[in-house]
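We name chains A, B, ... by the order of the sequence lines, and we start the count at 1 in each one. All of these numbers come straight from a predicted model, not from anything done at the bench.
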Amino acid sequence: MHIIESGNVAAAFGVKMAEAAVIAAYPITPQTPLTEKLSELVDAGEMDAQYIPVESEHSALAVCIAASSAGSRTFTATSANGLLYMNEQLHWAAGARLPIVMCVVNRGIGAPWTVWNDHQDAISQRDTGWIQLYACDHQQIFDTVLKAFRLAETVSIPVMVCYDGYILSHTYMPFALPDMEAVRKFLPPFAPAYFLDPARPKNLNTVTLPDIRPDIRGETAPGYMEIRHNLHTDMRKSLDVLSDIEKEFKDIFGRGGYPFIEPYRVSDADYVAVCMGSLSYHLRDVIDTLRAEGISVGVAGLRVYRPFPDRAIADAFSHKKGLIVFEKALSYGNQGALFADIKSALYAKTDRPFVRNYILGLGGREIKTTELADALRNSCKPSSATTDRPEWIGLKM
Amino acid sequence: MTAKTTILNLTDEEFVHPGNRACSGCGLSIIYRTALKALGRDTILVVPPSCLTVLQGLYPVAATQLPSLNVTFASTAAAATGVLGALRAQGREKTTVAAWAGDGGTADIGLQALSGACERGENFIFFCYDNEAYMNTGVQRSGTTPQHVLTTTTPISGKPQKKKDVPAIMAAHGLDYIATASAAYPIDLYDKTIKAKTFTGPRYLHIHTPCPAGWGFLPQMTVKIGRLAVETGLFDLYEIENGRFRLTGQSAKMLGKKRLPVGDYFKTQSRFKALTDAHIEEIQQDVDRKWNAYENNDSPR
Ligand SMILES: Cc1ncc(C[n+]2csc(CCOP(=O)(O)OP(=O)(O)O)c2C)c(N)n1
Ligand code: SF4
Ligand SMILES: [Mg+2]
């Protein structure tokens, strides 16, 4: 069945069909309609879940952390300052290895206040131990929510599903809703190995010493550092898991197939524009225009940012002449975070493309097709070289 | 009505192992052991960082026999909400959810989450063990540190402000059951915990918890000092049941009788060294005013 709805509603339907049991959220633009929709679905009896209208985002994630620890599938969603307000809890959820799924409806962060889209919210939380997936359209939002639960519960790591505020959250597009039977086949019920249970008491998230330590039976238990190492290695392994899940999803639903990088006219291109989120679809028109002008360029949308798909990036792009990284976020005083990551992914290759960086669209600054085309015309040249600092698009100074 | 609880008919079942990491003479050890007996085995605990985190043991050793979720400092009541949500979703509603936080985790950083959870009517029992400072981080002032007390952040002249009245804040949320208790009267705490279990919705217990390390007294004095706080009328034992205030236990017995002077309590602990005679006189007048109201049955609440 196809319906026409907003991106936020696409996410809400994903959560409904994933049969999340405990939902806690606090409203913030542009995430609000998503939480409103979920509370409506629960109140109308169309969704069998506990909807908990908490008093803050910190508490929203606290509810998810505790409910997940007690064995239920949980969901929350936020944007911008709400995500930042969760920061301590983000680390806690990942450290506790809880398969929470959260939609991050990307928005710039204050001060000064902005409600419009960029990626600074999610990018600033990249080192919290959460997996970050990015969706480019409404269908991907819906699909990615299902994949996120499957991935989170397979690797015991929380997952953010990121999508652009307003551009996707508040626009209406058609998307397909699968039938429940297919969804249940793809996403079996949540069955955690341990949950809070008086019949099997455990003390969870205890103070843990720097060194390993024997338990009362004399068996060695990990120290803090081993626990962190496990999170890191499992995060790396989750790239393969994501790839398998993507294959299975395609087999069942007939969509997707690009776990890491979604290419458009990339295979025969000399130059590739790289970005995340809806911008990669926006760039497709620009690519068609430039191709007509004889410029050999394609666009690649990154679908996962953490864990970083560095090998996939190196394999896909090392033989290209140039990469142009467009970013709606910035590591202040340095460069775009994605730009730095891509350069480091290519470092191991002796033969590697130049990499350039454009910062654009911060706080919802309009991204003009003509500006994108000009940036690519200027960059897609044999004479271009790797830059160490970003250039800015659309800056009026 | 069942027989009166005494130390002899308390259950033998222990939920807190002896030899845990609390300091010797810790008031928290007494109340945790006693209240957990009242809570019973079908209980899930939620604990923020505090001395209790340390008492509960360092991984992979646990000092408590009940499932316990350690959570971030500000999130205790929200986390209890999450446990309850999962229990409802799974049809495990019979299990009691009990949050245990220090005064800092209750009155200060945890107050927003606690207020939110109480307003939503979450079905948990919230225990605040009030040792009147941030002990886990080395005795810093908290909202419930009494006036003039020396802490490491009020090191010379003492805390200028008065103690925050958390049970009154909880009463303003319209809770069905609120009680105070003291580590010096464990059986009273036991009975109040049993009673709290008969209510649904948010329930709040505020427990005065002497702390030898932070208050500056010898470990063998814990119970004596806890009693002095009650007998001087500084800390009162009471219940607010469905909005009705009632003094209980030792405090109820003191109605119509002469109380010990507050100075008797202050001289037992080094944290009160900054108190002048004028301060003591002022506090005595405050306590007398409060008790006059009790005597006239016109509760300050
Ligand atoms: C967000 C955050 N801020 C500060 C701390 C440091 N901290 C841990 S326990 C504690 C004090 C706890 O005081 P209280 O709640 O009264 O419990 P007590 O230690 O006295 O038993 C503080 C400040 C923390 N863990 N988390
Ligand atoms: S510092 Fe005080 S409350 Fe903390 S364990 Fe020691 S005696 Fe108990
Ligand atoms: Mg304290």
Query raised in the report: Between the side chain of Asn70(B) and the main-chain N/O of Leu204(A), is any donor-acceptor distance below 3.5 Å?
Result: yes
For chain A, find which of [options] contributes the most heavy-atom pairs closer than 4.5 angstrom.
options                       : result
Thr53(B), Val71(B), Thr64(B)  : Val71(B)
Ala113(B), Ala80(B), Ala62(B) : Ala113(B)
Ser68(B), Ala78(B), Ser115(B) : Ser68(B)
Arg41(B), Arg88(B), Gln56(B)  : Arg88(B)

[X] atom [atom1], over 12 foreign heavy atoms within 6.0 Å:
X         : atom1 : value
Glu13(B)  : CD    : yes
His229(A) : NE2   : no
Tyr224(A) : OH    : no
Lys164(B) : NZ    : yes
Met180(A) : CE    : yes

Are the side chains of [X] and [Y] in touch, meaning some heavy atoms are under 4.5 Å apart?
X         : Y         : value
Leu69(B)  : Asn205(A) : yes
Pro198(A) : Ile44(B)  : yes
Ile52(A)  : Glu122(B) : yes
Phe15(B)  : Pro201(A) : no
Thr72(B)  : His58(A)  : yes

How close do [X] and [Y] get, heavy atom to heavy atom, and via which atoms?
X         : Y         : result
Tyr59(B)  : Pro222(A) : CE2-O, 3.3 Å
Leu196(A) : Pro67(B)  : CD2-CB, 4.2 Å
Ala67(A)  : Ala86(B)  : O-CB, 3.5 Å
Glu55(A)  : Gly116(B) : OE1-CA, 3.8 Å

Looking at [options], which makes the most heavy-atom pairs under 4.5 Å with chain B?
options                                 : value
Asp197(A), Ile65(A), Asp48(A), Leu61(A) : Asp197(A)
Ala60(A), Ala199(A), Cys64(A), Pro53(A) : Pro53(A)
Ala24(A), Ala96(A), Ser59(A)            : Ser59(A)

Which portion of [X] sits near chain B, non-hydrogen atoms under 4.5 angstrom:
X         : answer
Phe195(A) : side chain
Ala21(A)  : both
Val54(A)  : both
Phe190(A) : neither

Report task. Mind checking the CD-OG spacing from Glu88(A) to Ser75(B)? Nearest 0.5 Å is all I need. Result -> 7.0 Å
Query raised in the report: How would you list, in number order, the residues of residues 69-77 of chain A that have a heavy atom less than 4.5 Å from chain B?
Result: Ser69(A), Ala70(A), Gly71(A), Ser72(A)
Query - Close approach to chain B in residues 208-216 of chain A, criterion heavy atom under 4.5 Å - result: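 The list, in residue order, reads Thr208(A), Leu209(A), Arg213(A), Pro214(A), Asp215(A).
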Query raised in the report: Heavy-atom distance under 4.5 Å to chain A: side chain of Gln90(B), backbone, both or neither?
Result: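 Only the side chain of Gln90(B) comes within 4.5 Å of chain A.
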